[in-house]
Amino acid sequence: KPKQIPAVIDANSSEYFPIELNDYVVSHLLLNTLEDGENAGRHKTLVYAAEKRLIIPYEKLATACGWTVENIDYTGNAIYQAVKDSEGQEAQMYIRVEPENTIVSIIKNKKLMLQRIVNYGSGVGLSSEEDKRTNREMLISALARVEDYFVAQASGNKLDVIYIMGQVLETDGLAERGTFIINPEGKIVGYEVTAGNVGRNAEELLRKVQACQFVHAHGDQVCPANW
């Protein structure tokens with residue numbers, strides 16, 4: 001039951017967050033209640049922790065002004081409130097890239113279905129090209145895992161569109177070259193990111209698309225050699 005959620009979170013918060021929880025305030029947001037399948041009646045809940053050192057200044061300011069703090073919002077909810085009324089009935093992924101991390105929000109029918117913070121961002125401050133490339137690859141891999149997790153939650157889950165916002169690139173303001181192959185279920189099955197001065201091969205992209213189509217149509221087979 002919803003009223004029991006706080007007690008469950010308190011009892012298990014140390015498993016959710018591998019941190020010293022005495023320095024944090026833990027709260028939650030009830031996303032929705034599942035209505036179908038074997039998990040009907042269960043509640044999807046977003047649990048988050050904020051450092052007390054971030055909360056206390058707001059409380060001190062409110063006290064000094066004779067105010068009362070009712071709620072303290074977080075960046076992820078600001079993104080949700082800004083985009084929740086977007087057109088479209090299918091799930092949409094919003095990727096907000098920050099300097100040190102990335103917030104991923106998946107919204108469907110104006111409901112927040114999933115939200116994750118990925119510990120890779122735009123790479124501001126990285127000096128070597130090797131570090132920048134590694135950061136970029138790790139970010140893309142983490143985003144793909146979030147997408148895979150969402151799709152695996154229910155048979156009808158798929159992404160209709162993906163939006164990227166924020167500080168996407170930290171170099172000279174030019175976008176990197178990225179190619180993503182998404183199957184009919186909305187799952188990323190192939191991607192390639194290259195530096196802005198490296199060209200792409202349309203014939204090679206066509207080969208990859210045809211290979212992905214073959215695998216999708218013949219799930220129990222692999223592509224022949226030299227496909």
What verdict does the side-chain contact (heavy atoms from CB on, under 4.5 Å) test give for Ile140 and Tyr191, after you've listed the backbone C-alpha separation in whole Å, the side-chain angles of each residue and the deciding distance to 0.1 Å? CA-CA 9 Å; Ile140 293 174; Tyr191 62 84; 3.0 Å; yes
Full working for side-chain contact (heavy atoms from CB on, under 4.5 Å) between Leu112 and Ser105: CA-CA 7 Å; Leu112 182 62; Ser105 306; 4.2 Å; yes
Given side-chain contact (heavy atoms from CB on, under 4.5 Å), test Met113 with Gln153 step by step and report yes or no. CA-CA 10 Å; Met113 306 298 293; Gln153 292 302 296; over 6 Å; no
After noting the C-alpha distance and the side-chain angles of Lys187 and Glu147, does the key distance pass the side-chain contact (heavy atoms from CB on, under 4.5 Å) rule? CA-CA 7 Å; Lys187 181 178 180 180; Glu147 188 260 350; 3.7 Å; yes
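Here the straight-line distance linking atom CD of Gln115 with atom CD1 of Ile103 works out to 6.5 Å at 0.5 Å rounding. Between Glu20 atom CD and Glu51 atom CD the span is 12.0 Å, to the nearest 0.5 Å. Rounded to the nearest 0.5 Å, atoms CD1 (Ile188) and SG (Cys212) are 11.5 Å apart. Rounded to the nearest 0.5 Å, atoms OG1 (Thr134) and OH (Tyr120) are 9.5 Å apart. Once rounded to the nearest 0.5 Å, the distance linking CG of Leu29 with CG of Asn77 reads 7.0 Å. Between the CG atom in Leu114 and the CG atom in Asn157 there is a gap of 9.5 Å [rounded to 0.5 Å].
Remark: side-chain polar atoms of Lys52 are paired, donor with acceptor, to backbone N or O of Asn22 under 3.5 angstrom. When atom types are taken as modelled, the side chain of Asn12 and the backbone of Val8 share a donor-acceptor pair closer than 3.5 angstrom. No donor-acceptor pair closer than 3.5 Å links the side chain of Glu90 to the backbone N or O of Lys158.
Counted by atom type alone, Tyr94 and Gln92 present one or more donor-acceptor pairs between their side chains at under 3.5 Å.
Under a hydrophobic clustering in which Ile, Leu, Val, Met, Phe, Trp and Tyr are joined whenever their side-chain heavy atoms come within less than 4.5 Å, directly or via other members, Ile107 and Tyr48 fall into the same cluster. By the criterion of side-chain heavy atoms lying less than 4.5 angstrom apart, applied directly or through intervening Ile, Leu, Val, Met, Phe, Trp or Tyr residues, Val47 is grouped together with Tyr24 in one hydrophobic cluster.
Among all heavy-atom pairs drawn from His28 and Pro6, the shortest one is CE1-CG, 3.8 Å. Closest approach of Leu126 and Asp131 over heavy atoms only: CD1-O, 3.7 Å. The two residues Asn135 and Gly121 make their nearest non-hydrogen contact at ND2-O, 2.9 Å. Looking at every heavy atom in both residues, Thr102 comes nearest to Leu143 through CG2-CD2, 4.3 Å. Closest non-hydrogen pair, Ser122 versus Val97, comes out as N-CG1, 3.6 Å.
A salt bridge links Glu98 with Arg96: at least one charged nitrogen is closer than 4.0 Å to a carboxylate oxygen.
Inter-residue side-chain proximity for Met93 and Phe150 is flagged as unmet; no heavy-atom pair is nearer than 4.5 Å. Inter-residue side-chain proximity for Glu192 and Lys208 is flagged as met; some heavy-atom pair is nearer than 4.5 Å. Within the 4.5 Å cutoff, the side chain of Ile95 has no heavy atoms near those of the Met165 side chain. Side chains of Leu159 and Ile182 form no contact here, defined as non-hydrogen atoms less than 4.5 Å apart. No side-chain heavy atom of Leu21 sits under 4.5 Å from any side-chain heavy atom of Asp23. Residues Thr45 and Leu31 have side chains not in contact (no heavy-atom distance under 4.5 Å, counting atoms from C-beta outward).
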